[in-house]
Amino acid sequence: MTRPVRAGAPLLEIRGLSKHYGTIRALDDVSFHLGRDEVVGLLGDNGAGKSTLVKCLAGAVIPTAGEVYLHGEQKVFSTPAEARREGIETVYQQLALVDIFDIAANFYLGREMTRTGWRGRFGMLDRRSMKKRARAAVELLPARFPNLDALIETMSGGQRQVVAISRAGFWGGRLLLLDEPTAALGVKEAAAVLEMIGAMVSAAETDMAMIVISHNMDHVWSICTRLLILRQGRLVADLLKSETSRQEVVAHITGAFD
Ligand SMILES: Nc1ncnc2c1ncn2[C@@H]1O[C@H](COP(=O)(O)OP(=O)(O)OP(=O)(O)O)[C@@H](O)[C@H]1O
Ligand SMILES: [Mg+2]
């Protein structure tokens, strides 16, 4: 297996991460590290363990074994709130947006549970300043939302995905996990989402890194610089895009090298 060597303290390092469900090895002894500003595509067939890996990093699934380090410090996440507190933001295919709320309310959703001092005060929050901050964040994005008061239920799938991703970026995550951000989107909508991810990456003078799951090779190729390939729970390849080809990647996914 190829493994690019990277200098400096990694933003993320995982060692021997496994998740077993009975006899199913959803994730099996996976190790890799991720540097700042890296945009990594996580690829693999259905059931390869991609979502399980993301969920372990997001605190939504407790690994059976293995360790997670952020900037060299070991972290154990028992809940998604704990992972978020460490700057890990996740966008799932099934979006955690609330249809009957507007964009600003969705930006702040769940934060009342996690931020000190906000507990139980959501209903009393200053809606005007929330909206002002949400608007400032949204204005940095290539996607246009003419009306921040628009309810999520009135938006297209692509617009919703853009709201969810910008929400994750808004909170200044160090590590953004996107599980199939373009699945179920039309060509135009997917392009808008990819454009936004690209803009976030190039605008980020921060430490932000991203792991993007997608079955669409064109989408992965357009935004990622490195590819991790899972097969039956195991990491079978860790490749720099500049040093590989789509054919090689597909061969790893389908197990042609087995
Ligand atoms: N909660 C669970 N209970 C039992 N088995 C599970 C559970 N979650 C995932 N699995 C199994 O773990 C394996 C990996 O699943 P995972 O969802 O991580 O795959 P994936 O790579 O995201 O696939 P897809 O591309 O279809 O989304 C599969 O065999 C799946 O059936
Ligand atoms: Mg999945």
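All figures in this text were calculated on a predicted structure; none of them were measured in a lab. Start at 1 and go down the list; that is how both ligands and their atoms are numbered. All residue numbers in this chain count up from 1 along the given sequence.
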Students should be able to answer this: which protein heavy-atom is nearest to [atom], and at what distance?
atom	answer
atom 13 (C) of ligand 1	Gly47 O, 3.6 Å
atom 1 (N) of ligand 1	Tyr21 CE2, 3.5 Å
atom 27 (O) of ligand 1	Glu180 OE2, 3.7 Å
atom 12 (O) of ligand 1	Ala26 CB, 3.2 Å

Test item, Lys55 contacting ligand 1 (heavy atom, 4.0 angstrom): no
Residue-ligand contact Ile213/ligand 1, heavy atom below 4.0 Å: no
For atom 22 (O) of ligand 1, state which one of Gly22, Ser51, Gly44 supplies the nearest heavy atom. Ser51
Option of least heavy-atom distance to atom 26 (O) of ligand 1 (set: Val54, Thr52, Asn46, Asp179): Asn46
Do Ser51 and Asp179 have side-chain atoms, one donor and one acceptor, less than 3.5 Å apart? yes
Under-4.0 Å protein heavy-atom contact, atom 30 (C) of ligand 1: no
Side chains of Arg231 and Phe257: closer than 4.5 Å at any heavy-atom pair? no
Indicate yes or no: at least one non-hydrogen side-chain atom of Val40 is less than 4.5 angstrom from one of Phe32. no
Relative to ligand 1, is Asp45 under 4.0 angstrom through side chain, backbone, both or neither, heavy atoms considered? backbone
Would Leu175 and Tyr69 show up in the same hydrophobic cluster when neighbours are defined by side-chain heavy atoms closer than 4.5 Å? no
Is there at least one pair of N or O atoms, one from Gly49 and one from ligand 1, spaced under 3.5 Å apart? yes
Please output the side-chain donor-acceptor pairs of residues 216-224 that fall under 3.5 Å, not counting sequence neighbours, one pair per line with the distance.
| unit_1 | atom_1 | unit_2 | atom_2 | d |
| --- | --- | --- | --- | --- |
| Asn216 | OD1 | Asp218 | N | 2.9 |
| Asn216 | OD1 | His219 | N | 3.0 |
| Asn216 | ND2 | His219 | NE2 | 3.4 |
| Asp218 | OD1 | Arg246 | NH1 | 2.6 |
| His219 | ND1 | Thr182 | OG1 | 2.8 |
| Ser222 | OG | His219 | O | 2.9 |

Report yes or no: does Thr244 contribute a side-chain atom to a donor-acceptor pair with the main-chain N or O of Leu240 at less than 3.5 Å? no
More than 12 heavy atoms of other residues, nucleotides or ligands under 6.0 Å from CD of Gln74: is that the case? yes
Under 4.0 Å between a side-chain nitrogen and a carboxylate oxygen: does that hold for Lys75 and Glu82? no
Is Ser51 close enough to the Mg ion (ligand 2) that one of its N, O or S atoms comes in under 2.8 Å? yes
